[in-house]
Amino acid sequence: MKNKGIKIKKSDFGFLSSLFAVFVGLLFGFIILLCSNASQAVPGFLTILTGALTHGNKGAGQVFYYATPIILTGLSVGFAFKTGLFNIGATGQFIAGSFAAVVVGLTLPSLGAVHWTVALLASAAAGAVWGAVPGILKAFFNVNEVISSIMMNYIGLYAVNFTVKGSKTLFDSLRNQSLPLPESSHIPKMGLNLLFPDSSVNGGIFIAVLAALVIYIILNKTTFGFELKAVGFNRNASKYAGINEKKSIILSMVIAGALAGMAGGLLYLAGSGKHIEVVDVLPAEGFTGISVALLGLSNPLGIVLAGLFIAHITSGGFYLQLFEFSTEIIDIIVAVIIYFSAFSLIIRLLFSKISKGRGEVKNHE
Amino acid sequence: MSSVYFIFQQTMFFTIPLLIVALGGMFSERSGIINIALEGIMIIGAFCSILFIHLTEGFLSGQVQLLLAIGVAALSGLLFSLLHAYASVNMKADQTISGTALNMFAPAFAIFIARILQGVQQIQFTNTFRIESVPVLGNIPVIGNLFFKNTYITTYIGFLILILSYIVIYKTKFGLRLRACGEHPQAADSVGINVYKMQYAGVLISGALGGIGGLVFVVPTSTNFNATVAGYGFLALAVLIFGQWKPLRIFWASLFFGFMKTIAASYSGIAVLEGLGIPSYIYKMIPYVATLIVLVFTSKNSQAPRASGIPYDKGVR
């Protein structure tokens, strides 16, 4: 595969293939709406596209609120991708982070003003620990991180349910969920409640964007990030070049875990009435993070955009119920987008063929 | 003694779906395609076949209906897995990503269609399939109680699939070729094996078995289908690794996992276990923790098919 004569930059291919995947996904969603109820399909589809924006500032605020945790789980998965690991365990790390946030939130209200900060740091630490396990297993025992982190997802789920249910300080046995968190553990609104009244948006979105910036700098501007990426490309070559490849793998998973853990912290500390419900079902945010990372091409800035996009159509999905469609259509659309974004290699070839053709024409001129 | 029989019968309900799905996964991975879409395939298989049972209630019942439903489950799982095969084989897509997409698609699709058809997402069905006691065989002391009472025809189908899988993988030309494609597809190609065809075959078999597994999971344990198979597809992946991609070991692994699931689900009804005072969550965690430990000891010299997960590229030496 020689890429002579290609005019479009490599990064643009990725962007185009993401756009293509989004287009196909939306088209597929529209066809499903048409098949299920043709008369409502057009207004329904428009609702998905306009999303929450039809509901003014409140709607926009809700989009930022939904986007906050999935940007972070997206960063977690995307960062791991960049370092050659598939972190399907963001779900488990998210659970661990939520748990730590709730524990600190309920047990240490005496901390006062720094309460929410400590709770958030605890969530990152718990996520890091949960991510470290597959990292260590991969580094020292060559265990495939996909399988081990799937196992860690379920272990996390059951361990947290077990602990929450068994603890009198955490558990609200009437409602079968964790007790509500005190005000001091809520993330400050940072003025966003004035911009977007009545919505659940809070300073978490700033923290998410800040995290994306930090990850961008680590990956692209530091030796440390370069080493992590090098190990992802070729473990043995990196070792030969003098990089401590075991340390790199573990640190990659620790950072990915911390990001996913923080996602849990940000969601449960948002003060929006979210509780750990003691049910044996994995939360969706971790898997949505995979979608966000794939759609954002694992690029931190792309992930922020992808997170906002998925939050946007998800909140559009809520209003779909007005047209007697169920919200699952959004999951279907996202799944189709992910399926087609897996084709990026072929689409890239297709684009390069087209631009090659153009390049040749130009050469003739 | 009756509680021993009870546990054994329950264990079978949990073991057989794991066994069938893990064997399906084995065919796919042995051909070189990682199939983490098993969860989604199970959901689609269960959805279509339970819907079939729901719609044919009234003029079909009993074993005939169940056997037809198994056919529906296998066919729907097979068709759904075509998507994975197309992405992995033709488009050389990342197999984990394609599998993840299918896993996301399946429950959403099942809920969406169920809502359109009947307003609610749960699909009810009447269980007319339970066999109280198999004639003649059920009267054999001990063995009759263990294997031929309070059972489902799916249990025997599960064992049949196990035996067939063993024969196909180890005793047929097809099995040898399939394994060759999973180990070294370029070498297989060089001796005239059509790698693409073999990989399609592997994924489609896993689709059919995954679909059946979905139905077999739902029928004995519930009276409605709620667009979930409770992580059994992922558990089957663990069984597959625990069983080191070998049919007989997969059987023992699924028996172990099924036993743990049974204890977690029904320990409160068993005096001995209730007396131990170990919470059910511990039993729920054990299969996953055990898999992690097994992974630690086996991954250095893993028996995993060598080419599993790598898109086949003819040009690579």
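Computed from heavy atoms alone, side chains included, the values below leave out hydrogens, waters and symmetry copies. Below, read A as the first sequence line, B as the second, and so on, with proteins coming before strands; counting in each chain starts at 1.
Closest approach of B:Met285 to A:Ile155, counting heavy atoms only: SD-O, 3.8 Å.
Contacts with chain B were tallied for A:Ile332, A:Asn142, A:Val281; A:Ile332 has the most, counting heavy-atom pairs under 4.5 Å. The choice from A:Ile290, A:Val146, A:Asp280 that makes the most heavy-atom pairs within less than 4.5 Å of chain B is A:Asp280. When each of B:Ser98, B:Pro107, B:Ala87 is checked for heavy-atom pairs under 4.5 Å with chain A, B:Ala87 comes out on top. Ranked by heavy-atom pairs under 4.5 Å with chain B, the first of A:Ile338, A:Asp331, A:Val143 is A:Val143. Comparing B:Pro287, B:Ala238, B:Pro279, B:Ala101 by heavy-atom pairs within less than 4.5 Å of chain A, the highest count is held by B:Ala101. Between chain B and the residues A:Leu294, A:Ile32, A:Leu282, the most heavy-atom pairs under 4.5 angstrom are made by A:Leu294.
Between the CG atom in B:Asp94 and the CZ atom in A:Phe86 there is a gap of 7.0 Å [rounded to 0.5 Å]. Taking CD of A:Glu328 as the reference point, atom CZ of B:Phe112 lies at 8.5 Å (rounded to 0.5 Å). Taken from CZ in B:Phe105 to CD1 in A:Ile337, the straight-line distance is 12.5 Å, to the nearest 0.5 Å. Separating the CD1 atom in A:Ile147 from the CD1 atom in B:Ile34 is a distance of 7.0 Å, to the nearest 0.5 Å. Rounded to the nearest 0.5 Å, atoms OH (A:Tyr158) and NZ (B:Lys284) are 6.0 Å apart. Taking CE of A:Met151 as the reference point, atom CG of B:Leu235 lies at 7.0 Å (rounded to 0.5 Å).
Within the 4.5 angstrom heavy-atom criterion, atoms from both the backbone and the side chain of A:Ala159 approach chain B. Residue contact with chain B, scored on non-hydrogen atoms closer than 4.5 Å, involves the side chain of A:Ser291 exclusively. A:Ile150 touches chain B through its side chain: at least one heavy atom from C-beta onward sits under 4.5 Å away, while N, CA, C and O do not. Of the atoms belonging to B:Ile282, it is side-chain heavy atoms, and not backbone ones, that fall under 4.5 Å from chain A.
Formation of a donor-acceptor pair under 3.5 Å by the A:Tyr154 side chain with backbone atoms of B:Val289 is not found in this model.
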**Request:** Could you go through the side-chain contact (heavy atoms from CB on, under 4.5 Å) check for B:Leu295 and A:Phe141 one step at a time?
**Result:** CA-CA 8 Å; B:Leu295 281 170; A:Phe141 304 102; over 6 Å; no
**Asked** What's the verdict on side-chain contact (heavy atoms from CB on, under 4.5 Å) for B:Ser280 and A:Phe162, showing C-alpha distance, side-chain angles and the deciding distance?
**Response** CA-CA 9 Å; B:Ser280 71; A:Phe162 172 52; over 6 Å; no
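For NZ of B:Lys246, the number of neighbouring non-hydrogen atoms (other residues, nucleotides, ligands) closer than 6.0 Å is greater than 12. For B:Phe259, the CZ atom counts as loosely surrounded, since its 6.0 Å shell holds 12 or fewer non-hydrogen atoms of other residues, nucleotides or ligands.
Ring geometry for A:Phe287 against B:Phe234 counts as parallel: the plane angle stays under 30°, on a 0 to 90° scale with 60° as the upper cut.
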